[in-house]
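All values derive from a computational prediction rather than experimental measurement.
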Amino acid sequence: MRNVVVTDPPRADAADAEKLGGFGVATVHEALGRVGYLGPELRPAWPGARIGGTAVTVLCWPGDNLMIHVAVEQCRPGDVLVVATNSPSTDGLFGELFATALAHRGVRGVVLGCGVRDVAELQEMGFPAWSRAVSAQGSVKATAGAVNVPVVLGGQTIHPGDVVLADDDGVMVVPRADVSRALTAGQARIDKEAASRAAFQRGELGLDRYGLRDRLADFGIEYVTYEEHVGEQ
């Protein structure tokens, strides 16, 4: 691994990233064909946050947060800090003091392929964090890594400048080149879900709205009365 800090990589538009964040992870994930999700391991440190921002990526050694200190300087308003380690680690590499520094720079949140600490303080200050673990185990600052290079979390490659979305449903990445398509597809899905929600509020069934009723026989599903079912036992 080359120990490098890449400065000022191209970023997706911050306003587009924020709009996608408002759509939500589940909506955008479905709209793009169920791609980009980082998996169920990454969970919010506290509930209720929803963000979309441009990735500043960090590659650390396990138990070592030196490169997070290096990365703070590379962050600007609208970014999301994304931290990976080059082998599995659940140590708490990130906490309140890092969040304070990042909030001052307008960073929208952090996604950690490691552990987070100071959860109560993060919630009190309203700084969103998603992580693989919550851990009081601290770290050292002794080993060089890299900033703004491609990293892998949850089987997904995240490049600096990609859009990262996160909410209570998890975390996903939208490649910078796919942002325009994600905005169009996401809005279409929002509109479709709004129409379905109104239909369900009127009492319509999903079986009919989605055209599933006529397909049930193809799945081998039969309707029988209780008496018929008991008599077949």
Side-chain angles (χ1 to χ4, degrees), residues 1-7 9 25 36-47 49 51 53-76 79-162 164-168 170-173:
M1 178 183 69
R2 184 181 176 191
N3 300 324
V4 62
V5 177
V6 179
T7 62
V25 171
Y37 178 50
L38 272 59
E41 274 196 335
L42 290 170
R43 302 302 306 150
W46 50 272
I51 63 169
T54 46
V56 170
T57 60
V58 188
L59 186 59
C60 293
W61 283 75
D64 194 309
N65 66 5
L66 170 65
M67 297 311 293
I68 301 179
H69 285 279
V70 176
V72 171
E73 186 179 25
Q74 303 305 315
C75 293
R76 66 190 195 192
D79 283 339
V80 174
L81 191 70
V82 178
V83 179
T85 55
N86 62 2
S87 62
S89 173
T90 58
D91 294 340
L93 301 190
F94 185 96
E96 176 198 4
L97 296 181
F98 271 138
T100 300
L102 292 176
H104 175 74
R105 303 182 77 85
V107 173
R108 291 175 175 164
V110 63
V111 174
L112 304 160
C114 52
V116 68
R117 58 193 294 179
D118 305 333
V119 170
E121 289 81 5
L122 293 180
Q123 183 170 15
E124 183 178 358
M125 65 188 293
F127 189 86
W130 287 259
S131 68
R132 286 185 60 224
V134 174
S135 175
Q137 178 67 41
S139 60
V140 298
K141 302 164 182 61
T143 314
V147 174
N148 279 333
V149 299
V151 298
V152 176
L153 283 180
Q156 303 294 326
T157 300
I158 303 170
H159 294 83
D162 285 347
V164 173
L165 315 178
D167 56 29
D168 285 349
V171 183
M172 74 168 292
V173 59

Supply the atom-to-atom distance [X] [atom1] to [Y] [atom2], rounded to the nearest 0.5 angstrom.
X	Y	atom1	atom2	result
Ile51	Leu165	CD1	CG	8.5 Å
Phe94	Leu122	CZ	CG	6.5 Å
Ser131	Arg43	OG	CZ	10.0 Å

Exam field: side chain [X] to backbone [Y], donor-acceptor pair closer than 3.5 Å:
X	Y	answer
Trp46	Phe127	yes
Trp130	Asp167	yes
Asp118	Gly95	no
Arg76	Val107	no

Does atom CD of Glu41 have more than 12 heavy-atom neighbours, drawn from other residues, nucleotides or ligands, at distances under 6.0 Å? no
What verdict does the side-chain contact (heavy atoms from CB on, under 4.5 Å) test give for Asp79 and Arg108, after you've listed the backbone C-alpha separation in whole Å, the side-chain angles of each residue and the deciding distance to 0.1 Å? CA-CA 6 Å; Asp79 283 339; Arg108 291 175 175 164; over 6 Å; no
So Val164 and Val171, do their side chains get closer than 4.5 Å, heavy atoms only? yes
Would you indicate whether the side-chain heavy atoms of Arg105 and Val72 approach each other to under 4.5 Å? yes
List the atom of Asp91, the atom of Ser89, and the distance in Å for their closest heavy-atom pair. N-OG, 3.4 Å
